[in-house]
Amino acid sequence: MSRRLVAHLDMDAFYASVELLHRPFLRGLPVVVGGRRRQPLEADPEDLSTWPRLRDYVGRGVATTASYEARALGVHSAMGLMKAAALAPDAILLPADFEEYRRMSHRFKEAVAEIAPVIEDRGIDEIYIDLTDVPGAFDATPDDRLAGARALGQRLQQAVRNATGLSCSLGVTPNKLLSKLCSDLDKPGGVTVLDMDDIAARIWPLPPGRINGIGPKAREKLEQAGIRSIGELAAVEPAWLIAKFGKSTGAWMHEAAHGRDERPVVTHRDPKSVSRETTFERDLHARLDRDTLGGIFTGLCEKVAADLARHGLVGRTIGLKLRFDDFRTVTRDHSLDAYTADAGTIRWAAGQCLKRIELTRRIRLLGVRVGTLAANDAIPAEPRPARGRGSPESLPLFEDLD
DNA sequence: TCTGGGGTCCTAGGACCC
DNA sequence: TCTGGGGTCCTAGGACCC
């Protein structure tokens, strides 16, 4: 087995930290980023009482990020803002400024790339870095066998701070699984270094949910079986896990609990789907609100089409997603014979999907997706045998419901 | 005061073909 | 008339992640 060194770098409370960078007078206060698009901020830096507070928020938004002061009050990302307001009514609520976050994201990734160019993007605020071939990665001193890994982690952290003024945390270990886990162990601002020999002492005491890929459902199942730590998970027969979680997940879980992970750092991935969805301010009725729904539907299809065009992509499988007022979600797919990036064709196919859904309840969310993607300049001339279907000139949508 | 938006991957059944 | 497999594509739902 070849020796690897992989880092996971995670920005600390990224969106909130970017906001505080631009508004240092808010430092020390609980700050939450999130909510739906609102009017531009018109607050006075000199007068904190003019800044929007969580308690004044009304609507369906969630917290995207909470500063550490807000986290101390129990607010965390993905929490509904109404619930968050009950916990931290005085927290400052800032609208998300994705353009700015993307700029800072680009900046920190560039700074890392100057030191270690093999980078896997995991979203706007985190990356994996393959350090195996970076000079010094495996240096050791008499009192620190992981001195090279530690020094590299600290160097990356300093480079990010110099380039952005922002703090991040790193895990540096032999693989992605362990590094992801470790970057979270000493947040904010930590560099956690670990070798396979340290797994029993450092990893096994942690709860299974700390493993990336074990979510609420799996955690619940494990808990019911009395498995409360990664060490206990590691001691379970793989056959039992496979019976409980299926072949793939069960086998993976066993390996993960032992800290084994051979996944490479992937520098490029082809996109699999492009989608747009929106949750309405109020639940809409298929018939009573059909004009509103029809307009939103068309808008989503146009956005997806524009996204495809921007990336030079075309797709063949059109998907529709509805969420009802009881939060039940249904999806329908419709595969076309030919690739498309055309808004009208997408809307027609999504309309075919809509026909197959029984609209008994009010609708909370509407989404449109295009999958089975190909590059615009590499479409097969005869993609598939035509199987006969209507032409996209009629657009039966919410208009002809009823 | 319920629960955003953009994704990936897995499972499982049925159609259809050899 | 009954009995096979394997392979691929399509669809629907669900778990999970950032």
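Hydrogens, waters and symmetry mates are skipped; everything else that's a heavy atom, side chains included, is used. Chain naming here is simple, since letters A, B, ... match the order of the sequence lines and numbering starts at 1 in each. These numbers were taken from a predicted model, which means no experiment stands behind them.
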Legend entry - Among C:dC18, B:dT3, B:dG7, the one nearest A:Asp125 by side-chain distance: C:dC18
Inset, instruction - Look at the side-chain N and O atoms of A:Thr249 and state whether any lies under 4.0 Å from the OP1 or OP2 oxygen of B:dC10. - result: no
Legend entry - Phosphate OP1/OP2 of B:dT3: any A:Arg364 side-chain N/O under 4.0 Å: yes
Inset, instruction - Taking atom C1' in both B:dG4 and C:dC16, compute the distance separating them and give it to the nearest angstrom. - result: 16 Å
Inset, instruction - Name the pairing partner of C:dG7, where a pair is Watson-Crick or G-U wobble with both distances under 3.5 Å, or state none. - result: B:dC16
Inset, instruction - Indicate, with a heavy-atom threshold strictly under 4.0 Å, whether A:Ala85 touches base, sugar-phosphate, or nothing. - result: nothing
Inset, instruction - Please check the phosphate of B:dT8 (OP1 and OP2 only) for any side-chain N or O of A:Arg269 closer than 4.0 Å. - result: no
Legend entry - A:Asp10/A:Arg122 ion pair, N-O < 4.0 Å: no
Legend entry - Below 4.0 Å: OP1/OP2 of B:dC9 and any side-chain N or O of A:Ser248: no
Inset, instruction - Have a look at A:Gly246 and say if it touches a base, only the backbone sugar-phosphate, or nothing, with a 4.0 Å heavy-atom cut-off. - result: nothing
Inset, instruction - Remember a base hit wins even if backbone is also touched, and classify A:Arg122 as base, sugar-phosphate or nothing at under 4.0 Å, heavy atoms. - result: sugar-phosphate
Legend entry - A:Asp261/A:Lys180 ion pair, N-O < 4.0 Å: no
Legend entry - Smallest separation among heavy atoms of A:Leu131 and A:Ala137, with atom names: O-CB, 3.3 Å
Inset, instruction - Name the nucleic acid region contacted by A:Arg219, choosing base, sugar-phosphate or nothing; use a 4.0 angstrom heavy-atom cut-off, strictly under. - result: nothing
Legend entry - Minimum-distance nucleotide (side-chain atoms of A:Lys217 versus C:dT11, B:dT1, C:dA15): C:dA15
Inset, instruction - Work out which heavy atom in A:Gln157 is nearest to a heavy atom in A:Cys168; give both atom names and the distance. - result: NE2-O, 2.9 Å
Legend entry - Nucleotide nearest A:Asp333 (side chain, heavy atoms from C-beta), chosen from B:dT3, C:dC18, C:dA12: C:dA12
Inset, instruction - Mind checking A:Thr278 for me? I need base, sugar-phosphate or nothing, with any heavy atom below 4.0 Å counting as a touch. - result: sugar-phosphate
Legend entry - salt_bridge(A:Asp97, A:Arg103) N-O dist < 4.0 Å: no
Legend entry - A:Thr279 side chain, from C-beta outward: closest of C:dT11, B:dG5, C:dC18: B:dG5
Legend entry - Nucleotide of C:dG13, C:dC18, B:dG7 approaching A:Ser273 most closely (side-chain heavy atoms): B:dG7
Inset, instruction - Determine: side-chain N/O of A:Thr331 to OP1/OP2 of C:dG13, distance under 4.0 Å, yes or no. - result: yes
Inset, instruction - Would you kindly compare A:Pro271 and A:Lys83 by the position of their nearest DNA chain B nucleotide and give the one closer to the 5′ end? - result: A:Lys83
Legend entry - Phosphate contact (C:dG13 OP1 or OP2) by A:Arg332 side-chain N/O below 4.0 Å: yes
Inset, instruction - Could you tell me whether A:Glu120 and A:Arg269 have a side-chain N and a carboxylate O separated by less than 4.0 Å? - result: yes
Legend entry - Any A:Arg369 side-chain nitrogen or oxygen under 4.0 Å from OP1 or OP2 of B:dG5: no
Inset, instruction - Take A:Lys272 and A:Thr64, find for each the nucleotide of DNA chain B with the closest heavy atom, and name the residue whose nucleotide sits nearer the 5' end. - result: A:Thr64
Inset, instruction - Would you indicate which nucleotide in C:dC18, B:dG6, B:dT1 comes nearest to any side-chain atom of A:Asn212? - result: C:dC18
